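Shown next, in structure tokens, is the structure this report addresses.
Quick caveat: nothing in here was measured; it's all calculated off a predicted structure.
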Amino acid sequence: MIELPDPGPFYETVWLIVRQIPQGSAATYGQIAGMIPPPSGIDQEDYDRLGPRWVGDAMNAVSRLDDPAIPWHRVINSKGGISLPPDSPAAALQRARLRHEGILNDREQVDLSACGWEGPDAAWCEAHGLYRPRSLKPPAPDGPQQLSLF
DNA sequence: CGTTTGACTACGC
DNA sequence: CGCGTAGCCAAAC
């Protein structure tokens, strides 16, 4: 099934991470990139800029592999939206899967503050030489916010 | 083998 | 808050 000659360690690492995203959660390209140390020879500064795009490349490659073990649909952009061309079949599939998991709101976006992935546990990250991801949820300046409903 | 494009983001209006 | 832009590398053409 895998026809790509050698996707490279970076892609493999991306796929490894994406496999950890649980049903009902979503991660962003930048978030995933931020978990991976810069490939050798790449400045941190450059990597911050390019990493998210490479993650996108890895997702593009995965759709060609069509590996059901990699929940690529749970990877979205920093705005909580789908980055595929809206009219493409792949986008339709992603929308359908996200909707099926109940995390796509009426504006066809994922509320990252509610469904944003918090990442694997620290032990897992350390075991794989990865960083813990930054949280996608809004900063809590002073402990858990009281939900002021009234 | 040169050109074009893109599954990104941060930033400015 | 939505839309346009720059920057930048690797794939895809």
Within this structure, what is the CE-to-P distance between A/M35 and B/dC8, rounded to whole angstrom?
-> 19 Å
Where the side chain of A/N77 is defined as all heavy atoms beyond and including C-beta, which of B/dA7, C/dG7, B/dT9 is the nearest nucleotide?
-> B/dT9
With a non-hydrogen cut-off below 4.0 angstrom, is A/W72 in contact with a base, only sugar-phosphate, or nothing?
-> base
Report the distance from atom CG of A/D46 to atom P of C/dA10, rounded to the nearest whole Å.
-> 11 Å
Separation of C/dA10 atom P from A/W54 atom CH2, nearest Å, is 6 Å
To the nearest Å, how far apart are A/K79 NZ and B/dC11 P?
-> 12 Å
May I ask you to check whether over 12 heavy atoms, not counting those of A/H100, lie within 6.0 Å of atom NE2?
-> no
Looking only at C/dC9, B/dA7, B/dT9, the nucleotide nearest the A/N60 side chain is B/dA7
Taking atom P of B/dA7 as reference, at what distance in whole Å does atom CD1 of A/I76 sit?
-> 16 Å
Identify which nucleotide among B/dA7, C/dC8, C/dA10 has an atom closest to any side-chain atom of A/M59, counting heavy atoms from C-beta outward.
-> B/dA7
From the options C/dA10, C/dC8, B/dA7, select the nucleotide whose nearest atom is closest to the side chain of A/Q94.
-> B/dA7
With respect to the phosphate group of B/dT9, does any side-chain polar atom (N or O) of A/S78 fall under 4.0 Å of OP1 or OP2?
-> yes
Taking CZ from A/R134 and P from B/dT9, how many angstroms apart are they, rounded to a whole number?
-> 8 Å
In whole angstrom, what separates A/D48's CG from B/dA10's C1'?
-> 12 Å
For the side chain of A/Y29, starting at C-beta, report the closest nucleotide among B/dT9, C/dC8, C/dA10.
-> B/dT9
Group every Ile, Leu, Val, Met, Phe, Trp and Tyr by side-chain heavy-atom contacts under 4.5 Å, then state whether A/L16 and A/Y131 land in the same group.
-> no
CD/A/E118: more than 12 non-hydrogen atoms of other groups inside 6.0 Å | yes
So with a 6.0 Å cut-off around CD of A/E45, is the heavy-atom count from everything else above 12?
-> no
Minimal non-hydrogen separation, A/Q31 against A/R134, with atom names | NE2-O, 3.2 Å
Find the distance A/Q109:CD to B/dA7:P and express it as a whole number of Å.
-> 17 Å
